[in-house]
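Keep in mind the model is a prediction, meaning the values are calculated, not measured. All values below were derived from every heavy atom in this structure, side-chain atoms included, with hydrogens, water molecules and symmetry-related copies excluded.
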Amino acid sequence: MIVTESAPFQEPTELVKEQLEEDGWTLETTYVTDIIQPNQAVAQGEYDANFFQNISYLDQFNDDHGLDIEPTFAVYEAPGGIYSENFDTLDELPDGAQIAIPVDTANNGRGLKLLADAGLLEIDDSVEVSELSQADITDNPRNLEFVEVDQQSVAQSISDVDAAFAFVRLAAEIGLDAEQALALEGGDVALPFTCVVAANPNFADTEKAEALQDAYQSDEVQEWFDQYQGGVLDTAFDVDVEQTRRESES
């Protein structure tokens, strides 16, 4: 299994490895820091599954690269928000403020959506948030400037800009809790961004997949998330990943 080298992915996976070993399974893991290699490696059959991405990113990656990797089951919710080290509200942002947002298509529009909901932008409302980009901004009265950076680096960019859209978990890792966010995604918006274990289509109905899901959705993993950064991330064990995909595409 190939997994991103970040606490909410890596540490639960180590718990999963221990549980599977007790049940007679051996889970071999490789930890990486990029967001391209895990899907390519699974598609090429080098690994059975990966754990590093949300549903929306996976769908966009499949479209961009002609792959058919599928979400096998959900592990945790991954909402995002807009954070700032210099301002306490969105209204305080100056004209021409620089705002960092993720460069990848699946997450690019999430910050734009929050700013539009707050009245700082106007966007094409017919475009789904998972497909939204700067090209869909119809009015920018505050002349906000957007700086696109790698999604894993957005939180670290907060000190270099006036504000940034960042995943709640990454903001928490640099000491910013959800209460400090200038705006936060609601549950319905964040649902397509639920983090999943993904694999090739023929993996989902295997005994391996069942064992993996049982381990990731165990009490031990639930307890880890309850304690991580004060419980900033909710588990999503009951999310129907296929239904979520259908609803986000409709």
If we count only N and O atoms by modelled type, under 3.5 Å, do the side chains of [X] and [Y] hold a donor and an acceptor together?
{"X": "E145", "Y": "Q98", "value": "yes"}
{"X": "Y228", "Y": "E223", "value": "no"}
{"X": "E70", "Y": "N200", "value": "no"}
{"X": "Y57", "Y": "S130", "value": "no"}
{"X": "N39", "Y": "Q53", "value": "yes"}
{"X": "D104", "Y": "N107", "value": "yes"}
{"X": "E14", "Y": "Y31", "value": "yes"}
{"X": "D124", "Y": "S126", "value": "yes"}

Nearest-0.5 Å distance that lies between atom [atom1] in [X] and atom [atom2] in [Y]:
{"X": "L120", "Y": "N140", "atom1": "CG", "atom2": "CG", "result": "9.0 Å"}
{"X": "R110", "Y": "S56", "atom1": "CZ", "atom2": "OG", "result": "8.0 Å"}
{"X": "D205", "Y": "T72", "atom1": "CG", "atom2": "OG1", "result": "9.5 Å"}
{"X": "L27", "Y": "M1", "atom1": "CG", "atom2": "CE", "result": "6.5 Å"}
{"X": "E92", "Y": "D162", "atom1": "CD", "atom2": "CG", "result": "11.5 Å"}
{"X": "L176", "Y": "Q229", "atom1": "CG", "atom2": "CD", "result": "10.5 Å"}

Is there a chain of hydrophobic side chains (I, L, V, M, F, W, Y, each step under 4.5 Å between heavy atoms) that links [X] to [Y]?
{"X": "L170", "Y": "I35", "result": "no"}
{"X": "I123", "Y": "V127", "result": "yes"}
{"X": "F52", "Y": "W224", "result": "no"}
{"X": "L182", "Y": "F167", "result": "yes"}
{"X": "I174", "Y": "V232", "result": "yes"}

Would a distance-only check, ignoring hydrogens and angles, find a side-chain to backbone donor-acceptor pair under 3.5 Å from [X] to [Y]?
{"X": "D34", "Y": "I36", "result": "yes"}
{"X": "Q217", "Y": "A74", "result": "yes"}
{"X": "S84", "Y": "N86", "result": "yes"}
{"X": "E185", "Y": "G80", "result": "yes"}
{"X": "Q180", "Y": "D177", "result": "yes"}
{"X": "T235", "Y": "F237", "result": "no"}

Just jot down the salt bridge (Lys or Arg N to Asp or Glu O under 4.0 Å) partners of D136, sequence neighbours excluded, or say none. none
Can you establish whether the number of heavy atoms outside [X] located under 6.0 Å from its atom [atom1] is more than 12?
{"X": "K17", "atom1": "NZ", "result": "yes"}
{"X": "D139", "atom1": "CG", "result": "yes"}
{"X": "Q44", "atom1": "CD", "result": "yes"}

For a quick test of reading the model, state the closest non-hydrogen atom pair linking [X] to [Y] and the distance between them.
{"X": "A41", "Y": "I2", "answer": "CB-CD1, 4.3 Å"}
{"X": "E77", "Y": "L233", "answer": "O-CD2, 3.7 Å"}
{"X": "L93", "Y": "F87", "answer": "CD2-CD1, 3.7 Å"}
{"X": "Y47", "Y": "T30", "answer": "OH-OG1, 2.8 Å"}
{"X": "S157", "Y": "V149", "answer": "OG-CG2, 4.0 Å"}
{"X": "V42", "Y": "A49", "answer": "CG2-C, 3.6 Å"}

Which is it for F51 and F9 under the ring pair (Phe, Tyr, Trp, His ring centres under 6.0 Å) test, yes or no, and what are the steps along the way? CA-CA 7 Å; F51 180 37; F9 297 92; 4.7 Å; yes
Heavy-atom check, side chain of [X] versus side chain of [Y], under 4.5 Å:
{"X": "T13", "Y": "Y216", "answer": "yes"}
{"X": "V197", "Y": "L212", "answer": "yes"}
{"X": "L115", "Y": "L90", "answer": "yes"}
{"X": "Q222", "Y": "Y76", "answer": "no"}
{"X": "L114", "Y": "F165", "answer": "yes"}
{"X": "P94", "Y": "R142", "answer": "no"}
{"X": "N62", "Y": "D68", "answer": "no"}
{"X": "N108", "Y": "L132", "answer": "no"}

Among T244, I55, V129, which residue meets the side chain to side chain contact (heavy atoms under 4.5 Å, CB included) test with F193?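 Among T244, I55, V129, the one that satisfies the side chain to side chain contact (heavy atoms under 4.5 Å, CB included) with F193 is V129.
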Residues S6, E11; criterion side chain to side chain contact (heavy atoms under 4.5 Å, CB included); working and verdict: CA-CA 8 Å; S6 178; E11 295 189 28; over 6 Å; no
Residues E148, Q134; criterion side-chain hydrogen bond (donor to acceptor under 3.5 Å, both in side chains); working and verdict: CA-CA 10 Å; E148 297 185 350; Q134 292 188 61; 2.9 Å; yes
Given the rule in the side chain to side chain contact (heavy atoms under 4.5 Å, CB included) test, do F61 and L67 qualify, once you have shown the distances and angles that lead to the verdict? CA-CA 8 Å; F61 195 95; L67 303 180; 3.7 Å; yes
